[in-house]
Amino acid sequence: MKRNSKIALFCSSVLISASLITPVYADSNSNGMSPGTPENQNYSISGFISHAELSNKLQQIEHSSQGKVAVEVAGYSNQGREIYTATVGTGDKVVLVESEIHGNEKTGTAALLKILQQLGSNNSAEFKQLREELTIVAMPMINPDATELNRRGNDLSWSEVVEDFPQLENASPSWNYYTYTNKYWDYAANPGFDVNRDFNPDLNYTPQPEDFPGNSASPGWYITPESQTVRDVYKGLQEQFGKVNVFIDLHHQGQYVIEGTDDEVTLSLSGLFVPNPNSEEGAKYSEYADTYNAEFSKQLNVAAYDALQQMGNSPFDNISLYPQGLDLPGTALGSFALNGSGAVLFEVTGQTQSFGQKKKGQLVKAVQTGLYGIFNSVASEEVYEIDADDYNDIPLTDR
C-alpha cells in the first residue's frame, strides 16, 4: 500500500472532509458477519463526529488540559487518516478503551471525548483520584476510513493486503472480507474488512497462508493497519507497565428487549468472549491459562452495571447481558482477555443516527456512566470486592 501518498492526499483535504459525507444506509448484516445491525433504515450522520472534527477536538482537549491529556498519533488507517491515542493519568493501573472499530457505531467516540474533557479539567477529589491511580488510554476512532464512509468495514482490498504480505499471494481472502453488494452497500466496488475479526492472541503473529480463509472461531491475522495499530499500542503498554489491566471496547448492536419483558435494551455488557482455557472446551487456548482472568472481567462488568442501575428509574435501567458462550479469538476483546486483561464489551442499542439528538444524548450518557463505574471501582480497588457471580444476575438480551 502506498500509504505515504495517501497521507499526503489526506492532509491536503482534511479540512473539508467532513463536508463531503453524505447520508448512507445501515449495514444490512450480509454474509452473517455479525449479529445485531438493524436492516432497512436510512440514517443521517449529521451531529456525529467526523475524523477532522475529532482531530480538532483532541487538540483542544490537550491544550485546555494543561498537560493532563497527551494526544499522540499511534498509526494510520489504510487511507492515511490518523489513529489517535489520548492518555490521561499517571497511575500504575492501565485502562485501554477503544471506540468505532466499526465506523457506523459512533456514540462511544462522543462519550470518550466528553470523558477526556472532564478528566483533563476537573480537579475534584474524585477526578484527582482517577488521574493518580489510573493511566487511561483512549483510542476514540480506530477505523476512521469506515467512519467517513459510515459503514462497518474498513477501506482495504485483498490485493493491497497481498502487497503488504506477499506470502499470501496464493491464499484465499480471509472470511471477514466484505465484497458483497446489496441495496445499501457496494463493497464489491469498494471492499473492506471487519477489523474486529483481525486480532490474534499471539501478539507477535505474522500472517501465514495456511491460516486463511479462517472462520469466526479462529484467530485473526493482523493484516489491517487498524488492528496492527491497536495491537502495537497494547504491546507498548505491556512493555511499559507490565500488563494492561482493563480493556474496554465500545460498540453498537441491534434493537432488542430484556428477556421476558417488552423493555427495550439501552445497552448490553459482556466479559466473556472465548471459552475458559482451563476448561475442556477452551483447551486450545491452554497456553493462556495462567493469564486469563474471567472473574475479573465479570467484576468489571458488574461495576458498570451497578453504576448504571444507580441512575434510577430511567432508560438506564434497561441494561442486559450480551449473548454468552462465544468463541471469538479474532476480536480485540477475545485476544486481549487471553493476554490477561479484564475485558468489557459495551453494545449500545441500534445505530443511533436514527434516534435523533435527544436519544443520542441519552445513549452517550449511558456509556459515560458505565465507563466511570469501571474507572472508579478500579481506582478505589472496590472492584475486587464485587461478587463475580453477580454477573450472572444481569438480565439476558432477548435476540
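On a predicted model such as this, the values are computed, not experimentally measured, just so you know. The figures that follow rest on heavy atoms only: side chains count, while hydrogens, waters and symmetry mates do not.
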Under a 4.5 Å cut-off applied to non-hydrogen side-chain atoms, are [X] and [Y] in contact?
X: L371; Y: I115; value: yes
X: P329; Y: Y285; value: yes
X: F375; Y: V95; value: yes
X: L58; Y: Y84; value: yes
X: V378; Y: N245; value: no
X: K106; Y: I49; value: no
X: R152; Y: D194; value: yes
X: E98; Y: I248; value: no

Assess, by modelled atom type and distance only, whether the side chains of [X] and [Y] contain a donor and an acceptor separated by less than 3.5 Å.
X: Q253; Y: S268; value: yes
X: Q299; Y: S297; value: no
X: T90; Y: E132; value: no
X: N200; Y: D202; value: no
X: E264; Y: N318; value: no
X: Y205; Y: D211; value: yes
X: K235; Y: N204; value: yes
X: R131; Y: N123; value: yes
X: D145; Y: S77; value: yes

- [ ] Quick one: do V97 and V137 satisfy side-chain contact (heavy atoms from CB on, under 4.5 Å)? Show the steps, please.
- [x] CA-CA 6 Å; V97 191; V137 181; over 6 Å; no
Checking the side chain of [X] only, and the main-chain atoms of [Y] only, is there a donor and an acceptor separated by less than 3.5 Å?
X: S65; Y: G120; result: no
X: T135; Y: G91; result: yes
X: T291; Y: L338; result: yes
X: T397; Y: R399; result: no
X: N276; Y: G282; result: no
X: N122; Y: Q118; result: no
X: E160; Y: S157; result: yes
X: N104; Y: T147; result: no
X: S341; Y: A343; result: no

How are the rings of [X] and [Y] set to each other: parallel, tilted or perpendicular (split at 30° and 60°)?
X: Y234; Y: F336; value: parallel
X: H251; Y: H102; value: perpendicular
X: F193; Y: W158; value: tilted

### Steps toward side-chain hydrogen bond (donor to acceptor under 3.5 Å, both in side chains) verdict (T349, T266)
CA-CA 6 Å; T349 185; T266 298; over 6 Å; no
- prompt: Should S55 and H51 be marked as a side-chain contact (heavy atoms from CB on, under 4.5 Å) after you check the CA-CA gap, both sets of side-chain angles, and the distance that decides it?
  reply: CA-CA 6 Å; S55 302; H51 182 264; 3.7 Å; yes
If hydrophobic clusters are built by linking Ile, Leu, Val, Met, Phe, Trp and Tyr wherever their side-chain heavy atoms come under 4.5 Å apart, do [X] and [Y] end up in the same one?
X: L272; Y: L321; result: yes
X: V348; Y: Y372; result: yes
X: V257; Y: L269; result: no
X: V364; Y: L308; result: no
X: W221; Y: V162; result: yes

**OP:** Only counting residues at least two apart or in another chain, list the ones meeting salt bridge (charged side-chain N to carboxylate O under 4.0 Å, His left out) with K93.
**Re:**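 K93 satisfies salt bridge (charged side-chain N to carboxylate O under 4.0 Å, His left out) with E133, E381 once adjacent residues are dropped.
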- [ ] Could you go through the side-chain contact (heavy atoms from CB on, under 4.5 Å) check for L119 and I136 one step at a time?
- [x] CA-CA 10 Å; L119 287 170; I136 298 171; 3.8 Å; yes
Counting only heavy atoms not in D290, do more than 12 fall under 6.0 Å of its CG? no
More than 12 foreign heavy atoms under 6.0 Å from CD of E281: is that the case here? no
Item checked: side chain to side chain donor-acceptor pair (under 3.5 Å) partner of D198, the single match among S174, S335, S227 ->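 Testing each of S174, S335, S227 against D198, the sole residue satisfying side chain to side chain donor-acceptor pair (under 3.5 Å) is S227.
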Hey, which of E100, E53, K57 is the one that makes side chain to side chain donor-acceptor pair (under 3.5 Å) with T109?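 Filter result, single survivor: E100.
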Between CZ of F273 and CZ of F199, what distance do you get to the nearest 0.5 Å?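 One finds 13.0 Å between CZ of F273 and CZ of F199.
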Quick note, salt bridge (charged side-chain N to carboxylate O under 4.0 Å, His left out) partners involving residues 323-348, not counting sequence neighbours, are K284-D327
Start with the C-alpha distance between N182 and Y187, add both sets of side-chain angles, then the distance that settles side-chain contact (heavy atoms from CB on, under 4.5 Å), and finish with yes or no. CA-CA 9 Å; N182 61 21; Y187 279 106; over 6 Å; no
Point to revise | Test: K68 and E62 ion pair at under 4.0 Å | key: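 No.
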Contacts of type side chain to side chain contact (heavy atoms under 4.5 Å, CB included), residue D92, not counting sequence neighbours:
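D92 satisfies side chain to side chain contact (heavy atoms under 4.5 Å, CB included) with no residue once adjacent residues are dropped.
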**Asked** Does the separation of the ring centres of Y305 and Y391 fall below 6.0 angstrom?
**Response**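 When the ring centroids of Y305 and Y391 are compared, they turn out to be at least 6.0 Å apart.
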Begin with the C-alpha distance, continue with both residues' side-chain angles, and end with the deciding distance and a verdict on side-chain hydrogen bond (donor to acceptor under 3.5 Å, both in side chains) for S218 and N215. CA-CA 5 Å; S218 299; N215 56 62; 3.0 Å; yes
**Asked** For Q324 and S270, what are the C-alpha separation, side-chain angles and deciding distance, and is it a side-chain hydrogen bond (donor to acceptor under 3.5 Å, both in side chains)?
**Response** CA-CA 8 Å; Q324 303 293 281; S270 185; 3.1 Å; yes
ask   = Between D186 and T181, is a side-chain hydrogen bond (donor to acceptor under 3.5 Å, both in side chains) present by the stated rule, with each step listed?
value = CA-CA 4 Å; D186 187 4; T181 299; 3.0 Å; yes
